[in-house]
There are 2 protein chains.
Amino acid sequence: MPVDYDSDLPPYLQIAAGLRARIESGELQPGQRLPSISHLSQEYGVARVTAVKALKVLADEGLTVTRPGWGTFVRRSG
Amino acid sequence: MPVDYDSDLPPYLQIAAGLRARIESGELQPGQRLPSISHLSQEYGVARVTAVKALKVLADEGLTVTRPGWGTFVRRSG
DNA sequence: TTTCATTTGTCCGTATGTATT
DNA sequence: AAATACATACGGACAAATGAA
């Protein structure tokens, strides 16, 4: 599902919201890896840095944990 | 010769330009192997991915042919 | 056959500078 | 001035291909 450029939400917040919903719904389980930055940027048709920002939002919220060289994971016991 | 960070050209294009000049001058002959990615990154003092990009520029131009596990070579009959 | 070093190719998170709005 | 997006670059890590021992 591509981003909606008519929306008030900037793309990186739309992507973050979509991922947050998948985590809170249980589709993405604790410990499970989120889609990679490259995957997200291709899937949503946005630049790499935009996907990076989206993941950073979730990390700042404490929903995810990122490990350099490994990926971004749904936080356990969060 | 390290890259010039004051130049308008980004490092990966500087490296590509240097290699292109060596090919067109005949210093690097058709069929001859170019310096490896690791060699270039050390010689120019840049990251690996930067050397990869430089070599990709030449390959996209049709000047070189890359073969995984073997190296990058000046294209014959190019 | 297995092991090892080398090489290309790719990916991760991160940072900086710049252009656009 | 500020927010957003993109290009470029960094170090580190891993996979796959190749050839030699």
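In what follows, chains carry the letters A, B, and so on, assigned in the order in which the sequence lines appear, proteins first and then strands, with residues in each chain numbered from 1.
Atom pair A:His39:NE2 and C:dT10:C1' shows a separation of 16 Å (rounding to whole Å applied). Atom-to-atom, CG of B:Leu34 to C1' of C:dT6 comes out at 16 Å; the value is rounded to the nearest Å. Atom pair B:Trp70:CH2 and D:dA16:C1' shows a separation of 17 Å (rounding to whole Å applied). B:Gln42 places its CD atom 13 Å from the P atom of D:dG12, with the value rounded to the nearest Å. Atom CD1 of B:Ile15 is separated from atom P of D:dA9 by 8 Å (rounded to the nearest Å). For B:Phe73 and C:dT6, the CZ to P distance is 16 Å, given to the nearest whole Å.
In this structure, of D:dA5, D:dA9, C:dT8, it is C:dT8 that holds the atom nearest to the side chain of B:Ile37. Closest approach to the A:Thr66 side chain among D:dA5, C:dT8, C:dT14 is made by C:dT14 (side chain taken as heavy atoms from C-beta onward). With distances taken from any side-chain atom of B:Thr50 to the nucleotides D:dC6, C:dT7, D:dC10, the minimum falls on D:dC10. Here the nucleotide nearest the side chain of B:Val49, chosen from D:dC6, C:dC11, D:dT8, is C:dC11. You'll find that the side chain of B:Tyr5 is closest to D:dC10, out of D:dA13, D:dT8, D:dC10.
Applying the 6.0 Å contact sphere to CG of B:Asp4 captures more than 12 heavy atoms from other residues, nucleotides or ligands.
Contacts with DNA chain C (heavy atom under 4.0 Å) in residues 52-61 of chain A: A:Val52, listed by number.
Between B:Tyr12 and D:dT8, a side-chain N or O to OP1/OP2 separation shorter than 4.0 Å is present. Distances shown here put a side-chain N or O of A:Thr72 below 4.0 Å from the OP1 or OP2 atom of C:dG13. Contact annotation: B:Arg48 does not reach the phosphate of C:dT10 (side-chain N/O to OP1 or OP2, under 4.0 Å).
The base of C:dG9 does not come close enough to the side chain of B:Arg67 for any donor and acceptor atom to sit less than 3.5 Å apart.
A donor-acceptor pair under 3.5 Å is formed between the side chain of B:Thr64 and the backbone N or O of B:Ala59.
Under the 4.5 Å side-chain criterion, counting only non-hydrogen atoms from C-beta, B:Leu55 is in contact with B:Leu40. A:Pro10 is not listed as a side-chain neighbour of A:Thr50, based on a closest heavy-atom distance of 4.5 Å or more. Counting heavy atoms from C-beta on, the side chains of B:Leu58 and B:Arg20 come closer than 4.5 Å.
There is no path of hydrophobic side-chain contacts, each under 4.5 Å, that joins B:Leu13 to B:Leu34.
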Q: Assess whether side chain to side chain contact (heavy atoms under 4.5 Å, CB included) is satisfied between A:Ile15 and A:Glu43, documenting all intermediate values.
A: CA-CA 10 Å; A:Ile15 297 172; A:Glu43 177 182 345; over 6 Å; no

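When Watson-Crick and G-U wobble pairs are counted only if both distances are under 3.5 Å, C:dA5 pairs with D:dT18.
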